[in-house]
Participant: 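One structure coming up, written as structure tokens, with questions to follow.
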Amino acid sequence: MTSEEKIVPFRTTGDGRRQTMRQERLRLVNACREEISRVLFQLSDGFFEKADDILFELAEKSSSSPEHYDYFIALRELRLHRERVQQRWRQMVLEQFGKFWQGEAGRGQVRSDVPNMELLEEEELEEYVATTETAGRAEKRFEKDLFALERRFSELLDGAEVNKKNNPLSPLALCEHFREAIRPLDLGIHSKLVLYKRFEKDVILYIGGLYEELNSRLDHAGVLPGLTPKVRSHPVSPAVRKAEGVPEQPQARGTAEAGEESTAYAGGDAFTLMQRLLHQRRRFGADAQPQSPVSAGVQVYVVGAKELVSALSELQRSHLAATAFDEDPQRLPREQIKTDLAQALRLGQEGKVNRRLAEEQIDALDVVSMLFDFLVEDRGLSDPMKALLLRLQIPMAKIAIVDHSVFRNKAHPARRLLNNLSDMAFRWSDDGDRSANSWYGRIESYVNRVLMEFENEPAVLNQISQELSAFLEKEAHDAELAEERTRQVSKGREQLRVARRRVEQEIESRLALRDNVPEIAQRLLREAWRDVLLLTYLRQGPESGAWRHAVSVVDRLLWSVEIKTSTLARGELLTGIPELLAKLREGLEGIAYDPHAMSKLFKDLQARHIICLRALQARPPEAEPVAGDPAPADAVQQEPEQPPVPKAALPPDVFLRRAAELKEGDWLETLGDDAGKVRAKLAWKSDASDVYLFVNRKGLKLAELSTREIAALFQSGSAEVLHEEEVPLVERALASMMQMLSSEDAPSRGA
């Protein structure tokens, strides 16, 4: 038998091989099903482990009683029902996968039960947005693998259409099955959103590995071979590695992360380069102040590092007492440090002894001084924060004296500490609170610990730096969760506003084109069918066939309630009524509309159809409202329009342009209600409407503003943009110092 004869074709018209084809297809499908079951179990195992940890942390750290209770209830529910939820989710995915291969009935669009519309506007809407956006990101990430998998599924199904709407393994299907799996649990919306976010990170993010494995199996079996590359490109979940006994691979780190030399300057050691440039400046610069020449017979005594550090420690204690409550950086005795140090060490010539600092010590002190000069000029830091951080100049000088690696090693504890503190300082808003538990109080406590505890032992700085890093990681994690939830809520509300406007536009524009629209048609459209349109818009989008179908029902309904004066029209209505009623009933049942209210609507509609079929020329006895009458109180309400603004009130184009150019992640500093300065981060900028969502450092909503409102703040000087720097403070300072010293050195080199 040749190798070609061993390959089982997946398309054949020969009766003798159809049974072989079915058996081979069944074998392949079962193999895929086993792989799906295995991977889903491993991924869900990892998810539940992480979810348990994160809920426990949130419960411990939650500041309010309701959130604390919510997280602990969720933690208990998850621990009690973990196996049931895990099994239910996996079973739902596998059942859908099985139905998919059973025929056309099993290849319908993947969808979950439609939520009640009243709930959709609140918690259900937040869940809907969370899951659909997760699925959208995954579809984009795994686009090529999904396309290949759908092509191969279609090949196995003899060319039947397979796409993201009916693919049982699509990210949307997995997300919706998970939402259904946790529905029976007693979970608050805060906990659900946390679980959805964790589900994305621990399951959906790694589902690409499953797609690759299934594509590989089908490729080897001869189903569209060569459609996908042989090289795997998606990461493997830690849970899958653990289950398969694969050791964790150490993450590759750059030299900066590994603590090696990390300067951005060609030529190596930043401190060595700056020393050379400093020597050139002292030698040729206009501000050069060389040390006085030593008289003949005078002994030169170079101050040792230990004595210098001891003198700096004495200055540190005295300056701490003098600057403890001063928040003006201009009043801090920065330049006085050199004078006080010279007096403390009795530098200069005294009789037969000349006491001096070594050139290397002077260089270290000058570099630290320039670093803090850069800090003072940083526009991103407020004056109170600058005053706090300036207290660290002497401790940084002590470190620089004994350990020059602080200038080249990004991972140095002192450097990491100053960078982290400056990052905290950037996010601080001056609300007047200086208590120990405030953001200001926390920064001050870390600064004071350095001043009080650090003498010359690097271990002290390392301990403080590690504690600060751990604190910032927790703060960043909490802020990320809160910001994501705030963003999702705003997105969901806007999506609902846009959908409501479109639905009302579709209904009201059609009513306006007709005279004397019967009351039953207005009531059916405004009270019932509007929710069908709303849900269709939210789930399928305005470009979908489902949306066009739902809108066409509006046109058909309005035509059906008009008086029919011709035999042909009456005949068309008579034959079309059953189909129209079936479409109305299907749509209303799809939104779980009240059956009793539906029966009343259909009964009144039937009465109107009888009138139309009788071709009565006279109006009905009862006065029916026209299309221009006010809608019922519970109809879809249009968002209130902004009042027209006189042209004179519009900010100039330059400010409008500045507002429009804001990017997500930008920070604004503006005046608060109590005239204090507030720092707000642009968390989300809507593409559909003029909405800018701003949050505080905790990720909580501060305001939603329009372009015009932001421009007005710029115009009045009440707000300014503070771009958060990606490069840490010390790195930026060193780069600036190198550039400045190099430019000053250029004339001397050319002389």
Participant: Could you check whether E508 pairs with R526 (Lys NZ or Arg NE/NH1/NH2 to Asp/Glu carboxylate O, under 4.0 Å)?
Facilitator: yes

Participant: Kindly say whether H190 contributes a backbone atom to a donor-acceptor pair with the side chain of R485 at under 3.5 angstrom?
Facilitator: no

Participant: What pair of heavy atoms forms the shortest contact from R497 to V691, and how long is it?
Facilitator: NH2-CG2, 4.2 Å

Participant: If you measure only the distance, is there a donor-acceptor pair under 3.5 Å linking the side chains of E176 and T131?
Facilitator: no

Participant: Taking it one step at a time, do E506 and V554 satisfy side chain to side chain contact (heavy atoms under 4.5 Å, CB included)?
Facilitator: CA-CA 9 Å; E506 296 290 344; V554 177; over 6 Å; no

Participant: Quick check: are there more than 12 heavy atoms from other residues, nucleotides or ligands sitting under 6.0 Å from CZ of R33?
Facilitator: no

Participant: Indicate yes or no for a side-chain donor-acceptor contact from S544 to the backbone of G541 under 3.5 Å, with no hydrogens or angles considered.
Facilitator: yes

Participant: What's the separation between atom CG in D531 and atom CG in L588, rounded to the nearest 0.5 Å?
Facilitator: 9.0 Å

Participant: Got R502 and L534 here, is their nearest side-chain heavy-atom distance under 4.5 Å?
Facilitator: no

Participant: For the pair E504 and R500, find out whether any cationic side-chain nitrogen is under 4.0 Å from an anionic carboxylate oxygen.
Facilitator: no

Participant: Which atom names give the shortest non-hydrogen contact between W684 and E494, and what distance separates them?
Facilitator: CH2-OE1, 3.5 Å

Participant: Could you tell me whether E586 and K583 have a side-chain N and a carboxylate O separated by less than 4.0 Å?
Facilitator: no

Participant: Less than 4.0 Å between a side-chain N and a carboxylate O, is that true for K600 and D604?
Facilitator: yes

Participant: Do you see a donor-acceptor pair shorter than 3.5 Å between the side chains of R90 and S44?
Facilitator: no

Participant: Contact between L195 and L78 at the side-chain level, heavy atoms closer than 4.5 Å - yes or no?
Facilitator: yes

Participant: Short question: side chain of E709, backbone of S706 - any donor-acceptor pair under 3.5 Å?
Facilitator: yes

Participant: Is there a donor-acceptor pair closer than 3.5 Å between any side-chain N or O of S716 and the backbone N or O of A712?
Facilitator: yes

Participant: Looking at every heavy atom in both F602 and R585, which two are closest together, and how far apart are they?
Facilitator: CD2-NH2, 3.1 Å

Participant: Under 3.5 Å, side chain of E664 to main-chain N/O of K685, donor-acceptor pair present?
Facilitator: yes

Participant: So, the side chain of S170 versus the backbone of N166: is there a donor-acceptor pair under 3.5 Å, distance only?
Facilitator: no

Participant: More than 12 heavy atoms of other residues, nucleotides or ligands under 6.0 Å from CD of Q87: is that the case?
Facilitator: no

Participant: Looking only at side-chain N and O atoms, does N163 offer a donor or acceptor that is under 3.5 Å from a partner on E161?
Facilitator: yes

Participant: Taking the inter-plane angle between the rings of W101 and F97 on a 0 to 90° scale, is it parallel (under 30°), tilted (30 to 60°) or perpendicular (over 60°)?
Facilitator: perpendicular

Participant: Indicate whether the side chain of E484 and that of Q488 have a donor and an acceptor atom separated by less than 3.5 Å.
Facilitator: yes

Participant: Would you check if there is a donor-acceptor pair between the side chains of Y196 and E127 at a distance under 3.5 Å?
Facilitator: yes

Participant: Any donor and acceptor pair, going by atom type alone, linking the side chain of T536 with main-chain N or O of W547 inside 3.5 Å?
Facilitator: no

Participant: Report yes or no: do Q91 and E95 form a side-chain donor-acceptor pair below 3.5 Å?
Facilitator: yes

Participant: Between F694 and L705, what is the shortest heavy-atom contact and its length?
Facilitator: CE1-CD1, 4.1 Å

Participant: Does the side chain of V85 come within less than 4.5 Å of F48's, by heavy atoms?
Facilitator: yes

Participant: Evaluate the criterion salt bridge (charged side-chain N to carboxylate O under 4.0 Å, His left out) for residue pair E180 and R88; output intermediate values, then yes/no.
Facilitator: CA-CA 9 Å; E180 289 302 307; R88 186 172 184 226; 5.0 Å; no

Participant: Any donor-acceptor pair under 3.5 Å linking the side chain of T486 with the backbone of L700?
Facilitator: no

Participant: Pair W559, L573 - check side chain to side chain contact (heavy atoms under 4.5 Å, CB included), show working.
Facilitator: CA-CA 9 Å; W559 175 85; L573 175 61; 3.9 Å; yes

Participant: Under a 3.5 Å distance rule, please check whether R608 uses its side chain to pair with a backbone N or O of V561 as donor and acceptor.
Facilitator: yes

Participant: Assess whether salt bridge (charged side-chain N to carboxylate O under 4.0 Å, His left out) is satisfied between K201 and E480, documenting all intermediate values.
Facilitator: CA-CA 13 Å; K201 290 185 176 181; E480 180 185 354; 3.4 Å; yes

Participant: To the nearest 0.5 Å, how far apart are CD in E77 and CG in L185?
Facilitator: 5.5 Å

Participant: Can you confirm if the aromatic rings of F47 and F178 lie within a centre distance of less than 6.0 Å?
Facilitator: yes

Participant: What's the verdict on side chain to side chain contact (heavy atoms under 4.5 Å, CB included) for W89 and H177, showing C-alpha distance, side-chain angles and the deciding distance?
Facilitator: CA-CA 6 Å; W89 175 66; H177 289 323; 3.8 Å; yes

Participant: Provide the closest heavy-atom pair for L210 versus I36 in the form atom of the first, atom of the second, distance.
Facilitator: CD1-CA, 4.1 Å

Participant: Ion pair present between E155 and R151, side-chain N to carboxylate O less than 4.0 angstrom?
Facilitator: no

Participant: Under a 4.0 Å threshold between the charged nitrogen and the carboxylate oxygen, would D478 count as salt-bridged to K698?
Facilitator: no

Participant: Flag the pair Y537 / L533 as yes when at least one side-chain heavy-atom distance between them is below 4.5 Å, and no otherwise.
Facilitator: no

Participant: Using side-chain heavy atoms (C-beta onward) and a distance below 4.5 Å, is L713 in contact with F655?
Facilitator: no

Participant: Is there a donor-acceptor pair under 3.5 Å between the side chain of Y211 and the backbone N or O of L169?
Facilitator: yes

Participant: Taking NZ, NE, NH1 and NH2 as the nitrogens, is one of them in D690 or R708 under 4.0 Å from a carboxylate oxygen of the other?
Facilitator: no

Participant: Could you state the interatomic distance from CG (L193) to CG (L481), rounded to the nearest 0.5 Å?
Facilitator: 10.0 Å

Participant: Measuring only between side-chain heavy atoms, which start at C-beta, is L172 closer than 4.5 Å to K164?
Facilitator: no

Participant: Take K681 and D666 through the side chain to side chain contact (heavy atoms under 4.5 Å, CB included) test and state the conclusion after the steps.
Facilitator: CA-CA 6 Å; K681 177 184 178 184; D666 284 349; over 6 Å; no

Participant: Tell me, yes or no, whether the heavy-atom count around R84 atom CZ, taken from other residues, nucleotides or ligands under 6.0 Å, exceeds 12.
Facilitator: no

Participant: Using a cut-off of 6.0 Å, state whether more than 12 heavy atoms not belonging to E143 lie near its atom CD.
Facilitator: no

Participant: When you check the gap from the basic side-chain N to the acidic O, do E572 and K564 get nearer than 4.0 Å?
Facilitator: no

Participant: What closest approach, in Å, do D555 and R514 show between heavy atoms, and which atom pair accounts for it?
Facilitator: O-NH2, 4.3 Å

Participant: Determine whether I710 and L662 make a side-chain contact, defined as any pair of heavy atoms from C-beta on separated by less than 4.5 Å.
Facilitator: yes

Participant: Are the side chains of L187 and I73 in touch, meaning some heavy atoms are under 4.5 Å apart?
Facilitator: no

